[in-house]
K.L.:
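Here it is, the structure, as structure tokens.
Just so it is clear, the values below take in all heavy atoms, side chains as well, and ignore hydrogens, waters and symmetry mates. The model shown is predicted, which means the values in this text are computed figures rather than measured ones.
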Amino acid sequence: MADAEALIDVRGLEAWYGKRRILADVDFRVEPGEIRVIMGGSGSGKSTLLRHVLGLHRPSAGTIRVLGVDIAHADAAQMLDIRRKIGVSFQGGALLTSLSVGDNVALPLRELTTLDENTIRIMSRIKLEVVNLGGFQDLMPSQLSGGMVKRAALARAIVMDPKLLFFDEPSAGLDPVVSAELDELILRLRDALRMTIVVVTHELESAFKIADTITVLDQGRVLMTGTVDEVRNADNERIQDLLNRRPREVVVDVDAYMKRLTEEDA
Amino acid sequence: MNEVTSEEQGDFTVVRLSGEVDLSWSQQVRQAILDALEREAGVGVELSAVSYIDSSGIAALVEGFQNARQNGRRFALVAVSQAVMAVLELARLDRVFPIVADVEAARAV
């Protein structure tokens, strides 16, 4: 049964920030070995979906299963086991500023394994080589450029060879060459280390290059999930707007608008 | 099946790995390679039956190679499977290790 094999299985997810509904009835399923891109404009709910799948937020409604575990009801041991098997590269890097690049990358191995220190050093330096930061282990994060921070964060995210890798906006703020290198690396990580990879991006070129399948989010709803060709050829005006970078037509509801502007408790 | 075996051939040991080399038993692989280097003047790590290797397994190979270099021993990877080669290539380690087709060639490294 395909459902049993899915590494991520989200059903009917709803999320609210205060009175604002961010996600509505989101179904999202990722199979092993897949590279799935979550695509959508700013405020479409991409990052919120990611944060729910990572267990950083509890769903208002719906279920989220990651590696077969319902994460809203997982105990601490189950969550720890999941965290060992997933890697996350956040948009801003999220490196610890007081640790060297090498210690940042080695951190998950030191925290979550009992490996020999020689092995830890070699494993973390291999990953720095993989992201083209070989020899940079003694620098502090503040000494790195934005692109280097991003690559160091990726090295840390993959240092445990996770089954499931999440990558939030890999291309944002990078020059085109580094960005293309990262796209290539994502494909190789899947092929060589058998990772299943979820990439959140609004970069169309990158999405089309790396994705096996794309989930298009818009205003908190899944517009479609399909192959690159299916998304490109989608007969949906909003998707075509996104692909062709057309600004969306904002529908103005006079009552709702006036309420937002005037009511104290809006 | 995950297995590591060592076969002594004169002053040379062939360490054979099979199955999926990952975090759960790569320390055993590391120890087998280091033990072989302790005993013999040369070690070949045979990898044809390895269907997957993670970074901890690669780290064991790197440590073995470094140990051999420091102590003037011969060291080579033998009959590297496609799955292992893909991981070596990821970090350009295919250009670092001596990689040979068979044990005969490894003895001559």
Side-chain angles (χ1 to χ4, degrees), chain A residues 32-33 81 83-87 102 105-106 108-137 151 154-165 181-182 184-197, chain B residues 2 4 15 17 19-38 43 45 47 50-71 75 77 80-97 99:
Chain A
D81 186 50
R83 296 228 156 91
R84 276 179 215 273
K85 292 176 183 159
I86 67 175
V105 175
L109 294 170
R110 295 205 170 108
E111 293 286 318
L112 298 170
T113 75
T114 54
L115 288 169
D116 172 272
E117 186 58 31
N118 272 341
T119 305
I120 289 178
R121 184 172 52 245
I122 294 169
M123 283 176 74
S124 44
R125 292 192 185 171
I126 285 174
K127 291 301 159 62
L128 283 172
E129 294 286 345
V130 167
V131 301
N132 288 333
L133 284 179
F136 285 75
Q137 63 272 358
R151 282 183 282 150
L154 176 60
R156 186 177 60 186
I158 61 175
V159 78
M160 300 265 293
D161 296 326
K163 281 171 86 83
L164 191 49
L165 173 67
E181 282 172 2
L182 272 182
E184 192 61 39
L185 178 57
I186 288 169
L187 293 168
R188 294 177 73 193
L189 285 172
R190 186 266 305 271
D191 295 340
L193 290 169
R194 296 187 193 166
M195 288 181 194
T196 301
I197 303 175
Chain B
N2 296 341
V4 52
V15 177
L17 306 183
E20 305 205 338
V21 182
D22 64 20
L23 214 53
S24 67
W25 68 293
S26 55
Q27 291 285 288
Q28 220 175 304
V29 170
R30 168 181 184 262
Q31 206 51 56
I33 293 171
L34 294 179
D35 286 350
L37 282 163
E38 187 88 355
V43 168
V45 184
L47 296 159
V50 175
S51 55
Y52 171 79
I53 189 164
D54 74 359
S55 313
S56 68
I58 297 290
L61 302 178
V62 170
E63 195 174 349
F65 183 39
Q66 179 60 2
N67 181 297
R69 282 160 56 94
Q70 278 168 351
N71 297 304
F75 186 91
L77 304 185
V80 175
S81 67
Q82 199 47 51
V84 176
M85 191 56 93
V87 183
L88 292 174
E89 285 170 354
L90 198 61
R92 292 180 288 271
L93 281 164
D94 56 315
R95 301 182 218 167
V96 174
F97 283 111
I99 295 176

K.L.:
Please classify the contact of B:Q82 with chain A as side chain, backbone, both or neither, using a heavy-atom distance under 4.5 Å.
P.N.:
neither

K.L.:
Given the options A:L115, A:D191, A:T113, which has more heavy-atom pairs under 4.5 Å with chain B than any of the others?
P.N.:
A:L115

K.L.:
Residues two or more places apart in sequence or in another chain: which of them pass side-chain contact (heavy atoms from CB on, under 4.5 Å) with B:E38?
P.N.:
none

K.L.:
So which residue, A:V130, A:D161, A:L189, ends up with the most heavy-atom pairs under 4.5 Å with chain B?
P.N.:
A:D161

K.L.:
Counting heavy-atom pairs under 4.5 Å with chain A, which one of B:L90, B:D54, B:V87 comes out on top?
P.N.:
B:L90

K.L.:
Measure B:L93 against the heavy atoms of chain A and call it side chain, backbone, both or neither at under 4.5 Å.
P.N.:
side chain

K.L.:
Quick one: which of A:M123, A:R125, A:K127, A:E129 has the most heavy-atom pairs under 4.5 Å with chain B, could you say?
P.N.:
A:M123

K.L.:
Would you give the length of the straight line joining atom CG of B:N67 to atom CZ of B:R69, rounded to the nearest 0.5 angstrom?
P.N.:
11.5 Å

K.L.:
What are the two closest heavy atoms between B:L37 and B:A68, and how far apart are they?
P.N.:
CD2-CB, 3.7 Å

K.L.:
To the closest 0.5 Å, what do you measure between CD (B:Q66) and CZ (B:F75)?
P.N.:
11.0 Å

K.L.:
Run the salt bridge (Lys or Arg N to Asp or Glu O under 4.0 Å) check on B:E20 and A:R194 step by step: do they pass?
P.N.:
CA-CA 12 Å; B:E20 305 205 338; A:R194 296 187 193 166; 3.2 Å; yes

K.L.:
Can you tell me which portion of A:D116 sits under 4.5 Å from chain B's heavy atoms? Options are side chain, backbone, both or neither.
P.N.:
both

K.L.:
Count the heavy-atom pairs under 4.5 Å between each of A:N132, A:V159, A:V131 and chain B, then report the option with the highest count.
P.N.:
A:N132

K.L.:
Under the side-chain hydrogen bond (donor to acceptor under 3.5 Å, both in side chains) rule, what do B:Q27 and A:T119 come out as? Steps first, then yes or no, please.
P.N.:
CA-CA 9 Å; B:Q27 291 285 288; A:T119 305; 3.2 Å; yes

